[in-house]
Amino acid sequence: QVQLVESGGGLVQPGGSLRLACVASGSIFGINTMGWYRQAPGKERELVAVITHGGNTNYADSVKGRFTISRDNAENTVYLQMNSLKPEDTAVYYCNSNARTSFRSGYMDYWGEGTLVTVSS
């Protein structure tokens, strides 16, 4: 199994910044993509940003130019730098990892428990 633990959420004023981190641990043979999703109250979970093992990235239109995703493959860690935060960024942010636990196993999606980001004055 693969465990994902997020950190870095909290309360921030509009225009402020936060940096989220997610560490993957457990029986990891390989990790393909890592990413961040978010779910606001009353809304469905949505993609925020994703990064491949090689460093290719994809962002939701709503966060382009404000958020930056990065990863440390040696540490199985993914980061999300969030700048110019807006109240509509308020949500629970979930880390996702597409990983496999052995040479013979297929890749599966794993999720963290989420970290709350609240943008409010």
Side-chain angles (χ1 to χ4, degrees):
Q1 287 295 321
V2 176
Q3 294 81 42
L4 302 177
V5 178
E6 303 105 334
S7 61
L11 173 64
V12 64
Q13 292 187 343
S17 298
L18 280 176
R19 189 189 194 211
L20 306 182
C22 171
V23 180
S25 62
S27 302
I28 299 172
F29 184 81
I31 298 178
N32 185 9
T33 60
M34 299 187 80
W36 293 93
Y37 290 70
R38 68 186 180 187
Q39 187 167 18
K43 295 187 177 182
E44 294 186 353
R45 190 174 298 188
E46 63 176 1
L47 171 71
V48 176
V50 64
I51 185 168
T52 67
H53 187 272
N56 292 319
T57 59
N58 188 38
Y59 294 91
D61 287 342
S62 59
V63 307
K64 284 181 181 177
R66 300 188 297 123
F67 292 8
T68 302
I69 190 170
S70 60
R71 67 188 280 178
D72 182 334
N73 290 329
E75 299 294 331
N76 292 331
T77 301
V78 63
Y79 303 96
L80 185 68
Q81 178 66 43
M82 304 185 294
N83 299 326
S84 303
L85 282 160
K86 304 175 182 180
E88 51 263 43
D89 294 318
T90 295
V92 177
Y93 284 70
Y94 296 92
C95 177
N96 170 270
S97 175
N98 185 251
R100 58 176 176 168
T101 56
S102 72
F103 177 76
R104 290 183 174 83
S105 67
Y107 284 91
M108 293 179 57
D109 279 332
Y110 296 90
W111 294 90
E113 293 188 351
T115 184
L116 178 62
V117 171
T118 303
V119 185
S120 175
S121 55

Quiz prompt | Heavy-atom pair of closest approach, residues A49 and L80 | solution =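 Of all heavy-atom pairs spanning A49 and L80, the closest is CB-CD1, 4.3 Å.
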Exercise. Measure across S97 and L4 and return the closest heavy-atom pair with its distance rounded to 0.1 Å.
Key: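 For S97 and L4, the tightest heavy-atom pair comes out as N-CD1, 3.7 Å.
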Quiz prompt | Partners meeting side-chain hydrogen bond (donor to acceptor under 3.5 Å, both in side chains) with D72 (sequence neighbours left out) | solution =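 For D72, no residue satisfies side-chain hydrogen bond (donor to acceptor under 3.5 Å, both in side chains) once neighbours in sequence are set aside.
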Practice problem: Keeping to residues at least two apart or across chains, list the ring pair (Phe, Tyr, Trp, His ring centres under 6.0 Å) pairs with something in residues 42-70. | Solution: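 Output for this query is empty, none listed.
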Say you draw a straight line from [atom1] of [X] to [atom2] of [Y]; how long is it, rounded to the nearest 0.5 Å?
| X | Y | atom1 | atom2 | result |
| --- | --- | --- | --- | --- |
| D61 | L47 | CG | CG | 10.5 Å |
| T33 | I51 | OG1 | CD1 | 10.0 Å |
| N73 | I31 | CG | CD1 | 8.0 Å |

Is it the case that one hydrophobic cluster holds both [X] and [Y], taking links as side-chain heavy atoms less than 4.5 Å apart, direct or via other members?
| X | Y | value |
| --- | --- | --- |
| V2 | V50 | no |
| L18 | Y94 | no |
| V48 | V12 | yes |

Enumerate, atom names and distances included, each donor-acceptor pair closer than 3.5 Å involving a side-chain atom of residues 34-43, sequence neighbours excluded.
from : atom 1 : to  : atom 2 : distance (Å)
R38  : NE     : E46 : OE2    : 2.8
R38  : NH1    : D89 : OD1    : 3.0
R38  : NH1    : Y93 : OH     : 2.9
R38  : NH2    : E46 : OE2    : 3.3
R38  : NH2    : S62 : OG     : 3.4
Q39  : NE2    : K43 : O      : 3.1

Exercise. Evaluate whether atom CD of E88 has more than 12 neighbouring non-hydrogen atoms of other residues, nucleotides or ligands under 6.0 angstrom away.
Key: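 More than 12 within 6.0 Å, yes.
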Show which side-chain atoms of residues 105-113 pair as donor or acceptor with protein atoms under 3.5 Å away, not counting sequence neighbours.
from : atom 1 : to   : atom 2 : distance (Å)
S105 : OG     : T101 : N      : 3.2
S105 : OG     : S102 : N      : 3.0
S105 : OG     : S102 : O      : 3.1
S105 : OG     : S102 : OG     : 3.4
Y107 : OH     : R100 : NE     : 3.4
D109 : OD1    : N98  : ND2    : 3.1

Quiz item: Quick one: does R71's side chain have a donor or acceptor within less than 3.5 Å of a partner on G54's backbone?
Solution: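 No.
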Could you give the side-chain donor-acceptor pairs of residues 114-121 under 3.5 Å, partners two or more places apart or in another chain?
from : atom 1 : to : atom 2 : distance (Å)
T115 : OG1    : G9 : N      : 3.3

Practice problem: Provide the full list of side-chain hydrogen bond (donor to acceptor under 3.5 Å, both in side chains) pairs with a residue in residues 2-29, sequence neighbours left out, each pair given once. | Solution: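 Listed by first then second residue: S17-N83.
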